[in-house]
J.: 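Have a look at this one.
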There are 2 protein chains.
Amino acid sequence: MQISSRFTIGIHVFACMEIFGNDHKITSDFLAASINVNPVIIRKILSQLKNAGLIEVARGTGGTKAARPIEEITFYDVYLAVDLLEEGELFHFHENPNPACPVGKNIHTALDDKLLRIQGAMENEMKKYTIADVVKDIKKRL
Amino acid sequence: MQISSRFTIGIHVFACMEIFGNDHKITSDFLAASINVNPVIIRKILSQLKNAGLIEVARGTGGTKAARPIEEITFYDVYLAVDLLEEGELFHFHENPNPACPVGKNIHTALDDKLLRIQGAMENEMKKYTIADVVKDIKKRL
DNA sequence: AGAAATGTAATCATTGACATTACATCTTGA
DNA sequence: TCAAGATGTAATGTCAATGATTACATTTCT
């Protein structure tokens, strides 16, 4: 299964805020036009980013901006905010291995540390990239 | 989104083959009893593992065994076999960013290298663990 | 031939993603 | 103060994937 497009949309949102923030008010309609998804989807994602403390959204008047310098917002921050995993676990374990079977009884504990390490490797790599890196790459291409 | 339980089931299958292979014929019904899922699901996963060249399945007579020494079968092999990703990409990119927007036009190329590195970090960690490691851990607990 | 398996198609329930409509609520400016 | 422009969010709908289940054709060995 793939990681939801909410993640790349979240990055896209920050890139727009940084690149257009001085000239435009960054509304959900504005973002929806650049990202090309429904504005309600954007508002849902903005809500998740806001709950994670990554952005500030102005009610009534409208518009949104980053709550911290974009050098300090990593891919992992965005991932955590928008792609909430059940109990934070990347791997979906089969639910009811047979406890009467020597393998079924022990498979979970035998696997857990390894699965955590794999998940950790991905998350650590995610922490290496910030919104600022993406914005820099986009500006290089303008 | 989580990685499908087919992955942990696939590992479980190998563990059963190794631990019970001398005493039992490893049929889909036998595996289904230990894993506690429907035998047809098991047969589907066995079919994927077979197509990947990881196991051999006996038609008619029944039973399955690893096609290679389990020291040489990594988590990544199993993952690739059972959790086929669309074009092999872990991240689902939003499909149609606006090409008339400077950000929309460039977001994909600005992100791709970083997303590949993140996916690569996960896959590399997966390559570090083999079925033999799991079997060893299970035997330790018996 | 018959028993025991695998291979696979068909159907179903459930879940999550994303789209869309609708409307309540908030804020500010005229 | 009220109308315009936004956000917040509930309700519905479509689509795809997972996993359960039934059914049956096919294969192999005895």
J.: Between the side chains of Lys128(A) and Asp133(A), is the shortest nitrogen-to-carboxylate-oxygen separation below 4.0 Å, so that they form an ion pair?
T.: no
J.: Please give, in whole Å, the distance from dA17(C) P to His92(B) NE2?
T.: 11 Å
J.: Which parts of nucleotides 25-30 of chain C does protein reach within less than 4.0 Å, heavy atoms only, written one letter per nucleotide 5' to 3' as B for base, S for sugar-phosphate only and - for none?
T.: BBS---
J.: Using whole Å, report how far CZ of Phe7(A) lies from P of dC18(C).
T.: 13 Å
J.: Between dA17(C) atom P and Phe93(B) atom CZ, what is the distance in whole Å?
T.: 18 Å
J.: With sequence neighbours excluded, what pairs up with Lys105(B) under the salt bridge (Lys or Arg N to Asp or Glu O under 4.0 Å) test?
T.: none
J.: Starting at the 5' end of DNA chain C, which residue's closest nucleotide do you reach first, Ala58(B) or Arg6(A)?
T.: Ala58(B)
J.: Nearest 0.5 Å, please: how far is CZ in Phe91(B) from CG in Leu116(B)?
T.: 9.5 Å
J.: Using whole Å, report how far CD of Glu95(A) lies from P of dT15(C).
T.: 12 Å
J.: Does the gap between the ring centers of Phe20(A) and Phe30(A) come in under 6.0 Å?
T.: yes
J.: Just checking Lys65(A): does its NZ atom have more than 12 heavy atoms from other residues, nucleotides or ligands closer to it than 6.0 angstrom?
T.: no
J.: Spell out protein contact along nucleotides 8-13 of chain C as letters: B when the base is contacted, S when just the sugar-phosphate is, - when no protein heavy atom is under 4.0 Å; keep the 5' to 3' order.
T.: BB----
J.: Would you tell me whether Thr74(A) and Asp77(A) have side-chain atoms, one donor and one acceptor, within less than 3.5 Å of each other?
T.: yes
J.: Any side chain to side chain donor-acceptor pair (under 3.5 Å) involving residues 7-23 of chain B? Give me the pairs, sequence neighbours left out, ordered by first then second residue.
T.: His94(A)-Thr8(B), His94(A)-His12(B), His12(B)-Ser34(B)
J.: Contacts to DNA chain D from residues 14-30 of chain B, heavy-atom cutoff under 4.0 Å, which residues?
T.: none
J.: Could you list the residues that satisfy ring-ring contact (aromatic ring centres under 6.0 Å, His included) with His108(A), not counting sequence neighbours?
T.: Phe93(A)
J.: Using only side-chain N and O atoms of Asn38(A), determine if any of them is under 4.0 Å from OP1 or OP2 of dT20(C).
T.: yes
J.: To the nearest Å, give me how far apart CD1 (Ile41(A)) and P (dG13(D)) are.
T.: 16 Å
J.: Given dG19(D), is OP1 or OP2 found less than 4.0 Å from the side-chain N or O atoms of Ser5(B)?
T.: yes
J.: Take Val134(B) and Ile107(A) through the test side-chain contact (heavy atoms from CB on, under 4.5 Å) and record every step on the way to the result.
T.: CA-CA 8 Å; Val134(B) 178; Ile107(A) 185 74; 4.2 Å; yes
J.: Is there a donor-acceptor pair under 3.5 Å between the side chain of Lys127(A) and the backbone N or O of Glu123(A)?
T.: no
J.: In whole angstrom, what separates Gln48(A)'s CD from dT7(D)'s P?
T.: 16 Å
J.: Taking Tyr79(B)'s backbone N and O only, do any of them form a donor-acceptor pair with Asp83(B)'s side chain (distance below 3.5 Å, no angle check)?
T.: no
J.: Can you measure Ile45(B) atom CD1 to dG7(C) atom P for me and round it to whole angstrom units?
T.: 13 Å
J.: Just how far, in rounded Å, is P of dT6(C) from CD1 of Ile42(B)?
T.: 11 Å
